[in-house]
Amino acid sequence: MKPTHCFAVILFAVTLFFSSVASAQPCTSLTQSQFNWVLQGGGRFITITGVSLKTATETTEPVSSSFTSFLFTFKPARLVIDPTTGEIITMPARLLSEVSKGHQLFSNRVYSVTQNGVTREQPYSIFSHEDIELELEETGKMIIINKKLLNPRVAVSTSTCEGNMLTGFVGTTLYAFTFQQGFRID
């Protein structure tokens with residue numbers, strides 16, 4: 001990605017994020033509408049589309065990503081034992097994506113093609129994507145599961161919602177998720 005294009009993408013996303021934070025609301029309403037949709041049955045699912053922006057550091061360039069996944073499965077709330085404290089805690093209800101149905105593409109992963117001596121580069125190479133799964137808890141927390149990492153589960157923190165968008169951070173990486181309700185045709 002050209003530096004000017006990358007800067008424009010980051011500027012747009014930061015503007016979008018801060019405008020949503022200014023009028024942010026709890027995620028309960030957005031989350032509950034997604035749960036209600038899937039619980040009606042009949043092949044209902046949620047398409048989640050999103051982006052992430054990771055800021056530059058002294059040794060790395062900024063990286064953006066684009067991802068899509070689908071939430072099909074409902075898991076009810078349940079009691080579990082916290083392995084660190086031995087206390088019984090409630091695991092919130094969750095909507096889950098199916099294994100290997102989500103893909104994340106990155107701006108710094110480039111696919112190059114050379115024809116007639118001319119090389120063209122395509123950022124966000126489909127040939128070097130990450131397989132991801134998503135979980136949406138009834139509390140509004142979004143969990144991202146990267147299938148290639150050793151510790152793959154990360155939670156998006158400080159989540160805020162505006163309309164149909166949930167935004168939050170994993171470390172210093174900004175994530176934005178949008179939701180679309182649909183029907184599965186088998």
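Note that the structure is a prediction, hence the values are computed from the model and not measured.
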Can you pull the salt bridge (charged side-chain N to carboxylate O under 4.0 Å, His left out) pairs that have at least one residue in [range], sequence neighbours excluded?
range	result
residues 32-42	none
residues 71-94	Arg94-Glu135
residues 102-112	Arg109-Glu130

Test your reading of the model: is there a side-chain donor-acceptor pair from [X] to the backbone of [Y], 3.5 Å cut-off?
X	Y	value
Thr31	Cys27	yes
Thr178	Thr49	yes
Thr47	Phe70	no

Applying a strict under-4.5 Å side-chain criterion to I, L, V, M, F, W and Y, I'd like to know whether [X] and [Y] cluster together.
X	Y	result
Phe67	Val170	yes
Ile48	Ile143	no
Phe74	Val80	no
Val154	Leu136	yes
Ile46	Ile144	yes

* When rounded to the nearest 0.5 angstrom, what is the spacing between CG in Leu134 and CE in Met142? ->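 Those atoms lie 5.5 Å apart.
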* Asked: Which distance, rounded to the nearest 0.5 Å, do you find between the OG1 of Thr173 and the CG of Leu53?
  ->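 Spacing of OG1 (Thr173) from CG (Leu53) equals 8.5 Å.
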If you compare all heavy atoms of [X] against all heavy atoms of [Y], which two are closest, and at what distance to 0.1 Å?
X	Y	result
Ser69	Ser97	OG-CB, 3.3 Å
Tyr175	Ser52	CE2-CB, 3.5 Å
Ser125	Leu105	O-CD2, 3.6 Å
Val63	Phe106	CG1-CD2, 4.1 Å
Ile132	Gln104	CG2-OE1, 3.6 Å
Glu138	Ala77	OE2-CB, 4.3 Å

Just list the side-chain donor-acceptor pairs under 3.5 Å for residues 35-44, sequence neighbours left out, or say none.
from	atom 1	to	atom 2	distance (Å)
Asn36	OD1	Gln32	NE2	3.0
Asn36	ND2	Gln32	O	3.3
Trp37	NE1	Phe45	O	3.3
Trp37	NE1	Gly182	O	3.3
Gln40	OE1	Arg44	NH2	3.3
Arg44	NE	Gly41	O	3.1

* To do: Classify the angle between the aromatic ring planes of His103 and His129 as parallel (below 30°), tilted (30 to 60°) or perpendicular (above 60°).
  =>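 The rings of His103 and His129 stand perpendicular, inter-plane angle above 60°.
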* Does Ile81 CD1 have over 12 foreign heavy atoms under 6.0 Å away? ->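 Incorrect, the count does not exceed 12.
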* **Pairing residues for Leu79 by the side-chain contact (heavy atoms from CB on, under 4.5 Å) criterion, not counting sequence neighbours** =>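 Checked Leu79 against side-chain contact (heavy atoms from CB on, under 4.5 Å); matches are Ile88, Thr90.
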For residues 110-120, which side-chain donor-acceptor pairs fall under 3.5 Å, sequence neighbours excluded?
from	atom 1	to	atom 2	distance (Å)
Thr114	OG1	Thr119	OG1	2.8

